[in-house]
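The structure appears below as structure tokens.
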Amino acid sequence: MAKGLSKSFKKALWVYHCNSGSCNGCDIEIIAALCPRYDVERFGIKLVGTPRHADVLLITGPVTRQMVEKVKRVYEQIPDPKAVICVGNCGNTGDVFFESYNLVGPIDNIIPVDVHVIGCPPRPEAIINAVAKAWVKLETLEAKK
Amino acid sequence: MKAKATTKTTYQIPIGPIHPALKEPVQFEFEIDGERIVDVDVSLGHVHRAIEWTGMHRNPIQILYLAERICGICSYCHPMAFSLAVERIAGIEVPDRANYLRIVHAELERICSHVLWAGVAAHEIGFDSVLFLTWQIREEALDLTEYLTGNRVTKAITMIGGVRRDITPDMLPRIKKSLKVLKDSFEKLRKIYLEDKTFKMRSQGCGILTKEDALKLCACGPTTRASGVKKDVRIDQPYFAFGDLDFDYVTPDVLTGEVNGDVYDRIIVRLLEVKQSIELIERSIEQMPQGEIVSEPKIAKLLATLKKAKGEGIGRMEAPRGEVFHYVKLNENEYPYSWKVRAPTYSNILPWIPMLKGQQIADIPIVAASTDPCMSCTNRVTILKDNNKYELTKQELHRLSVEKTRRLMK
């Protein structure tokens with residue numbers, strides 16, 4: 001964790017999860033992170049139903065052609081300051097689908113990504129770590145104000 | 001449906017098209033009259049990753065990796081159905097021990113998937129404490145999966161002509177311990193899902209699929225068994241070593257003596273299948289003969305065999321959601337000539353239409369979830385009424401559903 005940050009979260013991080021054509025693997029690991037074994041809700045991290053309430057965007061999947069506009073719209077709807085986490089190999093690099101004719105991703109091409117989580121799918125621990133990193137970014141932005 | 005000549009006007013709710021959970025994203029258009037659904041239209045084919053096309057540029061071993069990524073929840077049955085098809089073409093004999101090992105992994109996947117589904121169904125009616133309870137139980141099944149295969153979700157256990165990892169005698173105590181935990185928690189689940197008042201209220205008489213409709217629309221898996229159709233690939237056309245194990249179709253009349261085809265019956269079928277799967281794993285571990293686990297351990301040699309193979313083959317498997325079907329054509333080439341995948345949700349989408357007709361808007365989540373469609377996000381919904389557009393989010397739908405539960409509790 002970066003130096004000079006407060007020990008506790010200044011605010012509870014609310015996360016919006018957007019699936020841009022992934023295989024479900026990352027998505028169930030994200031929900032697993034919310035459930036009792038990993039239980040991120042004890043840190044105040046929780047999934048919300050609409051991007052307008054969110055601080056962090058978790059995005060999975062390789063972004064198919066039909067999803068591009070929707071991903072952009074979701075990103076624009078999140079109020080500033082915001083952080084974007086790309087979960088899973090296919091969003092980061094295209095992974096096994098890299099040569100497919102119907103992909104526009106990686107997600108970097110479409111919206112700016114702050115934290116990349118690799119793994120197919122990444123373990124829940126890795127996803128929690130990524131959210132903590134995104135929190136560092138948000139706190140740093142706050143400190144600059 | 002014919003439009004009735006009344007003063008009442010129906011309005012439409014489009015849901016989707018973003019339903020990227022499975023290979024088949026889906027868009028619904030609901031005709032709503034007040035609170036009742038009059039008509040439903042389903043359109044498919046929005047999110048498309050071109051997996052079959054990509055597969056025609058990969059060799060069969062590489063396709064196993066690709067097929068695993070068709071769906072993260074069915075990450076075992078897709079590559080396995082593909083290898084069943086390829087084995088049939090190339091005439092590869094699978095060793096006996098591998099056939100039993102394959103059953104263990106297939107049934108373990110069924111347990112993970114059904115328990116996951118049970119949690120989602122609880123969430124859809126606003127029973128979130130049960131969601132957390134079931135997912136805690138699911139972690140036990142995932143731990144066992146990780147112990148046996150090395151991964152939690154994508155298992156990478158499939159190999160053409162066998163499996164990649166063996167179960168050694170020193171692993172048995174750990175497996176038995178996990179199975180015991182699962183068995184004990186099954187009792188807890190059964191009590192909650194089948195005896196709890198809230199579940200009964202929301203699921204009985206809701207989303208009915210009659211036997212005729214199930215047959216007519218070719219529903220498959222637990223969805224069709226809950227309507228009383230005895231259809232299960234494991235019994236009808238035994239693959240692996242299922243022919244050696246004696247077990248029966250799970251239909252709701254086993255427990256209640258009658259078949260209604262509603263959401264409650266689908267819950268019964270899935271819960272009983274979890275129990276059946278635990279028993280099947282235990283029996284196949286007991287009966288497992290000694291021997292090889294893969295027919296050809298050298299991958300280069302296997303690829304050379306497949307390069308010479310010619311012909312077409314099909315692989316059918318009973319995935320957790322129903323029958324998964326792979327068609328492969330090899331043409332003495334490094335890459336397959338053709339590869340076609342049909343996932344079970346494809347057959348289970350059309351039955352949504354008779355299920356949803358006449359239901360309330362608040363019932364959409366639970367009825368849609370009752371076929372287990374991997375519905376990870378229902379995204380936004382727009383209600384058009386008198387040309388004033390307002391949005392109904394998934395959250396809003398969920399709130400409606402929770403409210404209905406509360407209303408019924410009073």
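Below, chains carry the letters A, B, ... as their sequence lines are ordered, and counting in each starts from 1.
Counting heavy-atom pairs closer than 4.5 Å to chain A, the top residue among B/L116, B/L131, B/L133, B/D143 is B/D143. Each of A/G25, A/C35, A/P36 has some count of heavy-atom pairs under 4.5 Å with chain B, and the biggest count is that of A/P36.
Residue A/C120 touches chain B through both its backbone and its side chain, counting heavy-atom pairs closer than 4.5 Å. Heavy atoms of B/T54 lying under 4.5 Å from chain A belong to its backbone as well as its side chain. Neither the backbone nor the side chain of A/R65 has a heavy atom closer than 4.5 Å to any heavy atom of chain B. Using a 4.5 Å cut-off between heavy atoms, A/L34 contacts chain B through its backbone alone, with no side-chain atom that close. Residue contact with chain B, scored on non-hydrogen atoms closer than 4.5 Å, involves the backbone and the side chain of A/P121 alike. Neither the backbone nor the side chain of A/P122 comes within contact range of chain B; no heavy atom of the residue lies under 4.5 Å from a heavy atom of that chain. If you measure heavy-atom distances from A/D95 to chain B, the contacts under 4.5 Å come from the side chain alone.
There is a side-chain donor-acceptor pair under 3.5 Å between B/R174 and B/S178.
The nearest pair of heavy atoms linking A/V71 to A/C18 is CG2-SG, 4.5 Å.
Between B/E140 and B/K177, no side-chain nitrogen of the basic residue sits less than 4.0 Å from a carboxylate oxygen of the acidic one, so the salt-bridge criterion is not met.
The backbone N or O of B/Y65 sits less than 3.5 Å from a side-chain atom of B/R69, completing a donor-acceptor pair. Formation of a donor-acceptor pair under 3.5 Å by the B/K155 side chain with backbone atoms of B/L148 is not found in this model.
Separating the CZ atom in B/R138 from the OG atom in B/S113 is a distance of 8.5 Å, to the nearest 0.5 Å.
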Verify side-chain contact (heavy atoms from CB on, under 4.5 Å) between B/V341 and B/I51, making sure each step is shown before the conclusion.
-> CA-CA 9 Å; B/V341 181; B/I51 287 177; 5.8 Å; no
